[in-house]
Amino acid sequence: PVLSKLKEGVQYIKAHKVMQSLLFLLAIISFANASLRTMAPIFAQDVLHGNANTLGFLMSAAGVGAICGALFLTKSKTTALLQRIVSFTGFLLGVGMICFAISRSLVLSLFFIAIAGLAQMMHTACTNTLLQLHVDDDKRGRVMSFYTVCLQGTMPFGSLVAGSLADVFSGPWAMAVMGAICLVGTAIFREKKGPRQKQRKPDPAVAG
């Protein structure tokens, strides 16, 4: 029964292009974003020539950006606007990661990693909301399980790739490559038009 339900969930997602694009894009965003946490100690010590306090500042800046993104989304948004936010934050995260890789100033690095934290939080939250809006109730659990896999299951692979690239080249180059992957993935899988909301049939009593 578990395999049958899993197969049914895969077929359901394949039949809905909007969900398919959202999940693929989320997987790429999570894959690329994992390099920020993995490479942060390298940037704190070797690039910014700091210490444990520098690493703490970097992680705190990413958290501040995430909080700002969450506060922005507290107000109700339309479905079309949420879809535009998903596309925009994918590009914003890629640009923020590349600029963070180039920066050699602590102040600029804190700003760019805060931008990356904001973009990642908004992208994840908006993707979750859009999936919840467009999934049927009897498929909700299966679709959200794929959401969790795309969000958390790709992070270890992103960390592995980023670490391998840093070992061959350097930390900044690895970060820049992951940012470029984020930009390319967003350009490929983003929706050109916002998904349509489900239309409910009018109540005959109200229509009359």
Side-chain angles (χ1 to χ4, degrees), residues 1-36 66 69-70 72-98 115-161 177-203:
V2 174
L3 295 178
S4 177
K5 296 295 184 181
L6 180 62
K7 181 180 179 181
E8 186 178 355
V10 172
Q11 294 174 346
Y12 178 79
I13 293 174
K14 284 184 177 180
H16 294 76
K17 298 299 181 182
V18 172
M19 296 181 187
Q20 192 173 346
S21 299
L22 287 172
L23 290 174
F24 273 121
L25 183 54
L26 177 65
I28 294 175
I29 293 296
S30 299
F31 175 86
N33 183 67
S35 60
L36 282 173
F72 175 79
L73 294 175
T74 54
K75 296 183 179 180
S76 59
K77 310 295 181 183
T78 63
T79 304
L81 179 58
L82 289 176
Q83 185 63 56
R84 289 196 294 269
I85 291 175
V86 167
S87 300
F88 174 74
T89 51
F91 288 117
L92 184 63
L93 177 60
V95 172
M97 293 175 64
I98 293 175
I115 292 297
L118 179 144
Q120 193 274 336
M121 169 58 70
M122 293 183 65
H123 182 91
T124 302
C126 290
T127 300
N128 190 328
T129 303
L130 288 170
L131 289 174
Q132 295 280 5
L133 287 174
H134 293 89
V135 67
D136 295 329
D137 291 337
D138 60 330
K139 303 295 191 305
R140 191 177 305 277
R142 274 160 283 186
V143 171
M144 297 315 296
S145 67
F146 283 104
Y147 167 85
T148 304
V149 170
C150 292
L151 177 62
Q152 299 182 356
T154 56
M155 288 184 179
F157 298 100
S159 299
L160 176 63
V161 172
V177 170
M178 299 300 281
I181 292 175
C182 184
L183 290 176
V184 174
T186 303
I188 293 175
F189 291 106
R190 71 186 182 95
E191 286 289 329
K192 302 301 186 297
K193 296 181 180 180
R196 297 178 180 178
Q197 293 183 349
K198 293 181 179 180
Q199 298 292 333
R200 293 185 176 181
K201 295 181 179 181
D203 190 348

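Predicted model only: the values in this text are computed from it and were never measured.
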Hey, is the main chain of [Y] close enough, under 3.5 Å, to the side chain of [X] for a donor-acceptor pair?
X    : Y    : result
T148 : M144 : yes
S30  : A27  : no
S21  : V18  : no
H123 : A119 : no

Spatial distance of atom [atom1] ([X]) from atom [atom2] ([Y]) [nearest 0.5 Å]:
X    : Y    : atom1 : atom2 : value
K7   : R142 : NZ    : CZ    : 13.5 Å
L133 : N128 : CG    : CG    : 9.5 Å
F91  : T89  : CZ    : OG1   : 10.0 Å
K139 : M19  : NZ    : CE    : 10.0 Å
L93  : L183 : CG    : CG    : 8.5 Å
C126 : F88  : SG    : CZ    : 11.5 Å

Worksheet item: Quick one: which of I29, L23, L25, I28 gives a side-chain contact (heavy atoms from CB on, under 4.5 Å) with C150?
Response: L23
To check you understand the geometry: which heavy-atom pair defines the closest contact between [X] and [Y], and what is its length?
X    : Y    : value
C182 : G94  : SG-N, 3.7 Å
Q132 : V135 : O-CG1, 3.8 Å
D136 : Y12  : N-OH, 3.0 Å
M178 : S35  : CB-OG, 3.6 Å
F146 : I13  : CD1-CD1, 3.4 Å
L73  : M122 : CD1-CA, 3.8 Å

Practice prompt. List the steps and the verdict of side-chain contact (heavy atoms from CB on, under 4.5 Å) for V161 and F31.
Written response: CA-CA 9 Å; V161 172; F31 175 86; 3.7 Å; yes
Worksheet item: Do Q83 and T79 get their side chains close enough for a donor-acceptor pair, meaning under 3.5 Å?
Response: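 No, because no side-chain N or O of Q83 sits under 3.5 Å from a partner of the opposite role on T79.
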Fill in: salt bridge (charged side-chain N to carboxylate O under 4.0 Å, His left out) partners for R84, two or more places apart
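Expected list: none.
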Worksheet entry | R140/D137 salt bridge by N-O under 4.0 Å criterion | yes
